[in-house]
A.B. asks: 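Sending over a structure as structure tokens; questions will come in a sec.
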Amino acid sequence: MNRSVFIGDREYFPGIARIQHEGPESDNPLAFKTYDPSRAVGGKTMEEHLRFAVCYWHTFCATGGDPFGPGTRVHPWAEKGDPIDRSRERVDAAFEFFTKLNVPFWCFHDFDLASEGGSVADSEKNLEQMVGMARERQDATGMKLLWGTANVFSHPRYMNGASTNPDFAVVAYAASQVKAAIDATVELGGENYVFWGGREGYACLQNTDTRRELEHMAMFLSKARDYGRSVGFKGTFLVEPKPMEPMKHQYDFDALTVIGFLRQHGLAGDFKLNVEANHATLAGHAFAHDLRMAADAGLLGSIDANRGDPQNGWDTDQFAMDLYDCVHAMMVVLEYGGLGNGGLNFDARVRRESTDLEDLFIGHIGAMDAFARGLLVADRVLADPRMSELRYGRYRSFDSGDGKRFEDGELSLGDLRDVAAANGEPRRRSGKQELVENLINDCIVTAC
Ligand code: XUL
Ligand code: CO
């Protein structure tokens, strides 16, 4: 792919050239040690397996503010007084960053790409203008859109929810945004469209009609799906589970909750899941657990790659540097047959204390290397016949005889009792967890 390094009037990351693969011996913090886009792993290149995406909001909009203090990073693309000028400069900075980092995809919310206007029509106009500019930059650089979405959680009007708001006027307003964001996603050739229900939940159970709100959420998603299909969106709609924050309880609690909801409302044909690591851990699960639940249901769509911090029970959105997390995640992805038209979006932000612009690169490079290592290790682990024996061999008693008849629904509870009486006390079979863990550790050494 032929990509120029920067295409606007100004270079926003001077002194940083295109990030190259320099191999494990390199001590250059602005080089990949493991991620090599063209390296083949099991019949596909690393770029094809990992399908990395940079998110617009954390990387180009957020400056490090937290509930106790303002931002700490100064963005040279946010200096202009006029919001439209700022949006335009941000697009240039973003496409320079994408190109230098050498990622194939990006993701956005409507109002991190454009500024919100004073009316529905003004907001639509602002978004259309910025989509036009992003489209030109995509064409010039070869970048592709992994997904678009609408921010229907930040504005005060959404304080009680968007599609689940008790006030119909707010539900309709949210629909106007989702419609425009779907149009933008189609215009930019987006492969997916995401719904993260940031305020779809409640702060107080006693003042909430949960039954009605959940029905409204299903109706809203169905109408969004119908609209998307009517304007030619052929990609996948994704719901991103999260159990809480900002609300006390969010309806899209975790992967299994969302799977049940999609199936209950006949949405599972068009919708899949966008599983985010830090959301899974907030729900009390491992990242790989939620990935596995989505994969088992055939509904793993895409990934928001990040991590939390066990000492800090909120959504810290740190870059995914934990190698075990990446290995365990890639084991699920590879067994699933890959991410299809999904990808690995870095829904992650550098720390408030990381104030150099190069830290934006360093965070992404580290996580891209961590997932590349995860891919190599997972590929090695899954190719080891001991691993499949340790996992699937445990269930061999269901492959024939009474075990098979049980799976086929042919044995009653009484039949099962008779089998138990005839067999006597079952022999203990070791789960061999330590052996599984040792095997993965050995592969970490041999595969990287
Ligand atoms: C918030 C979050 C969002 C969604 C998109 O926790 O993950 O950025 O990914 O709205
Ligand atoms: Co996310």
Side-chain angles (χ1 to χ4, degrees), residues 56-57 83 87 107-131 147-188 190 192-205 207-233 235-242 246-253 258 261-262 264-267 269-271 274:
Y56 215 82
W57 50 104
S87 298
C107 300
F108 72 95
H109 296 91
D110 48 359
F111 299 143
D112 35 64
L113 184 59
S115 55
E116 180 161 12
S119 66
V120 167
D122 281 351
S123 293
E124 286 167 349
K125 198 162 87 344
N126 289 356
L127 185 60
E128 275 164 28
Q129 199 182 345
M130 295 317 300
V131 165
W147 50 260
T149 188
N151 179 336
V152 287
F153 44 85
S154 293
H155 192 284
R157 80 174 71 88
Y158 298 121
M159 65 183 182
N160 292 309
S163 71
T164 62
N165 198 293
D167 181 353
F168 171 65
V170 181
V171 176
Y173 213 99
S176 77
Q177 263 187 254
V178 169
K179 176 178 176 294
I182 290 175
D183 287 340
T185 302
V186 171
E187 173 64 19
L188 291 167
N192 304 271
Y193 182 88
V194 163
F195 292 89
W196 171 59
R199 293 190 197 269
E200 312 295 30
Y202 58 80
C204 174
L205 184 62
N207 73 4
T208 305
D209 186 342
T210 46
R211 184 192 58 78
R212 212 162 177 187
E213 289 198 2
L214 278 157
E215 279 170 10
H216 292 173
M217 189 161 87
M219 181 64 74
F220 191 99
L221 293 180
S222 312
K223 297 302 173 192
R225 182 263 324 267
D226 294 347
Y227 177 74
R229 295 304 182 217
S230 78
V231 293
F233 178 64
T236 310
F237 292 97
L238 300 169
V239 173
E240 183 176 323
K242 186 173 182 181
M247 300 310 257
K248 169 167 102 174
H249 174 90
Q250 278 159 219
Y251 296 130
D252 298 325
F253 195 89
V258 172
F261 176 86
L262 293 177
Q264 180 189 352
H265 295 285
L267 294 167
D270 296 279
F271 284 76
N274 184 38

A.B. asks: Do the non-hydrogen side-chain atoms of Gln177 and Tyr158 ever get within less than 4.5 Å of each other?
C.D. replies: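 When only atoms from C-beta onward are counted, Tyr158 and Gln177 do touch, with a gap below 4.5 Å.
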A.B. asks: Is there a donor-acceptor pair closer than 3.5 Å between any side-chain N or O of Arg199 and the backbone N or O of Phe153?
C.D. replies: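 Yes, the answer is positive, given that a donor and an acceptor are paired below the 3.5 Å cut-off.
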A.B. asks: Are Phe271 and Phe237, when compared by the centres of their aromatic rings, separated by less than 6.0 Å?
C.D. replies: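 Ring centres of Phe237 and Phe271 closer than 6.0 Å.
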A.B. asks: Which heavy-atom pair separates Ala174 from Ala162 by the least distance, and what is that distance?
C.D. replies: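 Smallest heavy-atom distance, with atoms named: CB-CB, 3.8 Å.
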A.B. asks: Which value, rounded to the nearest 0.5 Å, describes the distance between Ile182 atom CD1 and Arg229 atom CZ?
C.D. replies: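 Spacing of CD1 (Ile182) from CZ (Arg229) equals 9.5 Å.
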A.B. asks: Between Met217 and Phe195, does a side chain to side chain contact (heavy atoms under 4.5 Å, CB included) hold up when you go through it step by step?
C.D. replies: CA-CA 11 Å; Met217 189 161 87; Phe195 292 89; over 6 Å; no
A.B. asks: Should Phe261 and Leu214 be marked as a side chain to side chain contact (heavy atoms under 4.5 Å, CB included) after you check the CA-CA gap, both sets of side-chain angles, and the distance that decides it?
C.D. replies: CA-CA 9 Å; Phe261 176 86; Leu214 278 157; 3.9 Å; yes
A.B. asks: So which heavy atom on Gly190 is nearest to which on Phe233, and how close?
C.D. replies: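 The answer is O-CE1, 3.6 Å.
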A.B. asks: Out of curiosity, Lys242 NZ to Asp252 CG, how far, rounded to the nearest 0.5 Å?
C.D. replies: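 If we round to the nearest 0.5 Å, Lys242:NZ and Asp252:CG are 11.5 Å apart.
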A.B. asks: Would you compute the distance between atom CE of Met247 and atom OG1 of Thr208 and round it to the nearest 0.5 angstrom?
C.D. replies: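 The distance works out to 7.5 Å.
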A.B. asks: Side chains of Thr164 and Phe220, heavy atoms from C-beta outward: is any pair under 4.5 Å?
C.D. replies: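 In short, these two side chains do not touch, never coming nearer than 4.5 Å.
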A.B. asks: Please walk me through it: do Asn207 and Tyr202 pass side chain to side chain contact (heavy atoms under 4.5 Å, CB included)?
C.D. replies: CA-CA 9 Å; Asn207 73 4; Tyr202 58 80; 5.6 Å; no
A.B. asks: Check each of Thr236, Leu238, Val178 against Tyr193 using the side chain to side chain contact (heavy atoms under 4.5 Å, CB included) test, and report the only one that passes.
C.D. replies: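 Of Thr236, Leu238, Val178, side chain to side chain contact (heavy atoms under 4.5 Å, CB included) with Tyr193 is met by Val178 alone.
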A.B. asks: Looking at residues at least two apart in the chain, or sitting in another chain, which of them share a side chain to side chain contact (heavy atoms under 4.5 Å, CB included) with Arg212?
C.D. replies: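 Arg212 satisfies side chain to side chain contact (heavy atoms under 4.5 Å, CB included) with Asp209, His216 once adjacent residues are dropped.
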A.B. asks: Is a donor on one side and an acceptor on the other found under 3.5 Å between the side chain of Thr149 and the backbone of Val194?
C.D. replies: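 A pair under 3.5 Å: yes.
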A.B. asks: Is a side-chain donor or acceptor of His265 paired with a backbone partner of Leu267 at a separation under 3.5 angstrom?
C.D. replies: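 No, because the side chain of His265 does not come within donor-acceptor range (under 3.5 Å) of the backbone of Leu267.
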A.B. asks: Closest approach of Glu116 and Ser123, non-hydrogen atoms and distance?
C.D. replies: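 Closest pair (atom of Glu116, atom of Ser123, distance): CG-OG, 3.5 Å.
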A.B. asks: Mind running side chain to side chain donor-acceptor pair (under 3.5 Å) on Glu200 and Ser163 for me, showing each step along the way?
C.D. replies: CA-CA 7 Å; Glu200 312 295 30; Ser163 71; 2.8 Å; yes
A.B. asks: Taking the side chain as every heavy atom from C-beta outward, state whether Glu124 and Ser119 have any atom pair closer than 4.5 Å.
C.D. replies: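 Counting from C-beta outward, Glu124 and Ser119 never come under 4.5 Å.
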A.B. asks: Under the criterion side chain to side chain contact (heavy atoms under 4.5 Å, CB included), I'd like the reasoning laid out for His155 against Phe111: C-alpha separation, chi angles, the key distance, then a yes or no.
C.D. replies: CA-CA 10 Å; His155 192 284; Phe111 299 143; over 6 Å; no
A.B. asks: Given 3.5 Å as the limit, does a donor-acceptor pair link the side chain of Asp110 with the main chain of Asn151, or not?
C.D. replies: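 Looks like yes, one N/O pair under 3.5 Å.
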A.B. asks: Is the shortest side-chain heavy-atom distance between Asn160 and Asp167 below 4.5 Å?
C.D. replies: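 They are not in contact (no side-chain heavy atoms under 4.5 Å apart), so the answer is no.
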A.B. asks: Atom CG in Leu205, atom NE2 in His249: separation rounded to 0.5 Å?
C.D. replies: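 With rounding to 0.5 Å, CG (Leu205) is 9.0 Å from NE2 (His249).
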A.B. asks: Nearest 0.5 Å, please: how far is NZ in Lys125 from CE in Met130?
C.D. replies: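 Taking CE in Met130 and NZ in Lys125, the distance rounds to 13.0 Å.
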A.B. asks: Is there a side-chain contact between Val239 and Leu221 in this structure, where contact means two heavy atoms from C-beta onward sitting under 4.5 Å apart?
C.D. replies: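 Yes, side chains in contact.
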A.B. asks: Please verify the inter-ring angle class for Trp147 with Trp57; under 30° counts as parallel, over 60° as perpendicular, anything in between as tilted.
C.D. replies: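 Plane angle between 30° and 60°, so tilted.
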A.B. asks: Kindly compute the distance separating CE (Met159) from CZ (Arg157), expressed to the nearest 0.5 Å.
C.D. replies: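 Result: 12.0 Å between the selected atoms.
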